[in-house]
S.K.: 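Okay, handing you the structure first.
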Amino acid sequence: MGLQEKLDAQKKELESAAPKQAIDIMHKATEDLKASGMADKAKTIGDKAPDFSLEDYRGETVNLYEKFKQGPVVLGFYRGGW
């Protein structure tokens, strides 16, 4: 099973288990995001990331372009526990 099929199966499972009101809210938020045009501005494969600095889990500042000098970089963003 490919990634898209796995994502589709997960979505179907979620939508069958979650309350209808929650699903309606998520669908509305998705449509609002699409309508805003913000999704069209998102970076995609091959786009150059802007340089930025953030603190890592130790509280040390890490700069993206400085990391690039050491080799390939994989970014992971964690939204936190809700």
Side-chain angles (χ1 to χ4, degrees):
M1 181 184 300
L3 178 59
Q4 189 60 56
E5 289 91 4
K6 288 180 183 179
L7 292 171
D8 292 343
Q10 257 188 336
K11 180 180 177 183
K12 185 176 180 180
E13 182 180 337
L14 169 69
E15 289 188 352
S16 67
K20 183 181 179 332
Q21 182 180 13
I23 297 300
D24 290 346
I25 290 169
M26 288 189 287
H27 283 265
K28 171 95 171 66
T30 300
E31 290 306 315
D32 289 349
L33 177 63
K34 288 177 183 176
S36 75
M38 193 177 259
D40 298 329
K41 298 176 185 175
K43 298 291 184 195
T44 60
I45 295 172
D47 288 347
K48 183 176 179 180
D51 191 23
F52 62 89
S53 297
L54 294 172
E55 288 186 7
D56 66 11
Y57 67 97
R58 296 177 300 240
E60 297 175 13
T61 300
V62 178
N63 177 270
L64 177 64
Y65 285 6
E66 289 300 316
K67 287 292 181 184
F68 271 139
K69 291 177 184 176
Q70 299 170 18
V73 175
V74 175
L75 295 175
F77 294 95
Y78 177 66
R79 67 178 186 161
W82 293 17

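In what follows, residues are counted from 1 in the order of the sequence shown. Keep in mind it's a predicted model, so treat the numbers as computed, not measured.
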S.K.: CG/Asn63 to NZ/Lys69 distance, rounded to the nearest 0.5 angstrom?
M.R.: 8.0 Å
S.K.: Quick check for you: to the nearest 0.5 Å, what is the distance between Leu54 atom CG and Leu64 atom CG?
M.R.: 9.0 Å
S.K.: Closest approach of Tyr65 and Asp51, non-hydrogen atoms and distance?
M.R.: N-OD1, 3.1 Å
S.K.: Got a sec, which residues hit salt bridge (charged side-chain N to carboxylate O under 4.0 Å, His left out) with Lys67, two or more places apart in sequence or on another chain?
M.R.: none
S.K.: Is Asp32 salt-bridged to Lys28, going by a charged N under 4.0 Å from an acidic O?
M.R.: yes
S.K.: Report, as yes or no, whether the 6.0 Å neighbourhood of atom OH on Tyr57 holds more than 12 heavy atoms from other residues, nucleotides or ligands.
M.R.: no
S.K.: Got more than 12 heavy atoms from elsewhere within 6.0 Å of CD, Glu60?
M.R.: yes
S.K.: Checking side chain to side chain contact (heavy atoms under 4.5 Å, CB included) for the pair Thr30/Lys34: CA distance, chi angles, key distance, verdict?
M.R.: CA-CA 6 Å; Thr30 300; Lys34 288 177 183 176; 3.9 Å; yes
S.K.: Can you tell me if Glu5 has over 12 outside heavy atoms packed within less than 6.0 Å of its CD?
M.R.: yes
S.K.: Kindly indicate whether the side chain of Glu66, heavy atoms from C-beta on, has any atom under 4.5 Å from the side chain of Ser53.
M.R.: no
S.K.: NZ of Lys11 to CE of Met26: how many Å apart, nearest 0.5 Å?
M.R.: 9.5 Å
